[in-house]
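Here is the structure we will look at, set down as structure tokens.
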Amino acid sequence: MKNALIFANWKSNKTKNEAKNWLTEVSLQNTTQNLEVVILPSFTLLDYVSAYIKTNSLSIKVGAQDVSPFENGPYTGEVSATQLREFAEYVLIGHSERRTNFGED
């Protein structure tokens with residue numbers, strides 16, 4: 001049987017302390033073997049969350065909330081797939097609020 005995927009997109013929420021509390025609480029929950037949890041913290045928390053999960057051997061995966069359409073280079077504020085690969089296994093793209101608020105298509 002395939003694993004069910006649950007994605008928790010934190011959007012622009014949580015401080016480092018709030019992330020730690022959330023991870024601690026979730027790690028105490030009983031989950032089935034057929035469940036895969038992926039959290040998508042803001043870019044500012046990717047390194048911290050990724051390290052916390054690894055250090056504490058949690059069965060939670062990490063994803064990024066967006067990825068630059070450009071490779072590495074002079075793109076201020078963008079985060080490339082190469083950079084994300086160090087922290088995330090998944091990337092969520094095509095947000096409705098990015099289309100609405102920033103005119104992305």
Side-chain angles (χ1 to χ4, degrees):
M1 176 184 240
K2 290 185 178 183
N3 287 347
L5 289 169
I6 295 179
F7 287 85
N9 184 1
W10 290 359
K11 301 204 178 245
S12 188
N13 295 296
K14 299 207 186 316
T15 62
K16 192 182 288 187
N17 191 50
E18 290 170 335
K20 179 181 178 185
N21 291 340
W22 190 93
L23 289 165
T24 300
E25 184 66 32
V26 168
S27 69
L28 298 174
Q29 305 301 313
N30 292 326
T31 59
T32 66
Q33 292 180 20
N34 297 329
L35 181 64
E36 188 171 334
V37 176
V38 181
I39 59 171
L40 299 108
S42 63
F43 285 131
T44 60
L45 292 172
L46 275 176
D47 185 37
Y48 175 78
V49 167
S50 180
Y52 186 94
I53 288 171
K54 184 179 282 187
T55 299
N56 293 282
S57 302
L58 302 181
S59 59
I60 299 172
K61 305 271 175 102
V62 178
Q65 295 178 0
D66 203 6
V67 62
S68 175
F70 306 106
E71 294 185 28
N72 299 332
Y75 306 104
T76 302
E78 294 294 319
V79 181
S80 73
T82 302
Q83 293 169 311
L84 289 177
R85 194 173 295 135
E86 295 181 35
F87 309 104
E89 294 182 54
Y90 294 89
V91 176
L92 182 62
I93 58 173
H95 303 276
S96 61
E97 70 265 19
R98 302 261 344 150
R99 292 190 301 272
T100 301
N101 299 328
F102 302 105
E104 294 180 357
D105 60 9

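Computation of the quantities below employed the complete heavy-atom set of this structure, encompassing side-chain atoms and omitting hydrogens, waters and symmetry-equivalent molecules.
Using modelled atom types and a 3.5 Å distance limit, the side chains of S27 and Y52 yield no donor-acceptor pair. Residues N72 and Q83 bring no donor and acceptor atom of their side chains to less than 3.5 Å of each other.
In this structure, CD1 in I60 is found 15.0 Å from NZ in K54, a value given to the nearest 0.5 Å. Taken from NZ in K14 to OH in Y48, the straight-line distance is 12.5 Å, to the nearest 0.5 Å. For the atom pair S96 OG and E104 CD, the distance stands at 11.5 Å (nearest 0.5 Å). Remark: I39 CD1 to Q65 CD distance equals 10.5 Å, nearest 0.5 Å. Separating the CG atom in L45 from the CH2 atom in W22 is a distance of 12.0 Å, to the nearest 0.5 Å. Rounding to the nearest 0.5 angstrom, the gap separating the NE2 atom in H95 from the OG1 atom in T100 is 12.0 Å.
Atom CD of E97 has more than 12 heavy atoms from other residues, nucleotides or ligands within 6.0 Å.
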Candidate pair F43 and L84, rule side chain to side chain contact (heavy atoms under 4.5 Å, CB included), full reasoning = CA-CA 9 Å; F43 285 131; L84 289 177; 3.6 Å; yes
Can you list the steps and then say if I6 with V38 is a side chain to side chain contact (heavy atoms under 4.5 Å, CB included)?
-> CA-CA 6 Å; I6 295 179; V38 181; over 6 Å; no
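Here the shortest heavy-atom pairing between V49 and A19 reads CG2-CB, 4.3 Å. Minimum heavy-atom separation, L40 to A64: CD2-O, 3.1 Å.
Here the side chains of I53 and V62 are in contact, with some heavy-atom distance below 4.5 Å. You'll find the side chain of V37 stays beyond 4.5 Å of the side chain of S59, heavy atoms only. A 4.5 Å side-chain heavy-atom check between D66 and R98 finds at least one atom pair inside the cut-off. No side-chain heavy atom of F7 sits less than 4.5 Å from a side-chain heavy atom of L92.
L5 and L35 fall into different hydrophobic clusters, where Ile, Leu, Val, Met, Phe, Trp and Tyr side chains are chained together by heavy-atom contacts under 4.5 Å. Cluster membership check: V79 shares its hydrophobic cluster with F87, using side-chain heavy-atom separations under 4.5 Å among Ile, Leu, Val, Met, Phe, Trp and Tyr. When hydrophobic clusters are built by joining Ile, Leu, Val, Met, Phe, Trp and Tyr residues whose side-chain heavy atoms come closer than 4.5 Å, directly or via intermediates, W10 is grouped together with I93.
With hydrogens and angles ignored, the 3.5 Å screen pairs no side-chain donor or acceptor of N56 with any backbone N or O of L58.
Ion pairing of K61 with E89 is present here, as a side-chain N (NZ or NE/NH1/NH2) and a carboxylate O approach within less than 4.0 Å.
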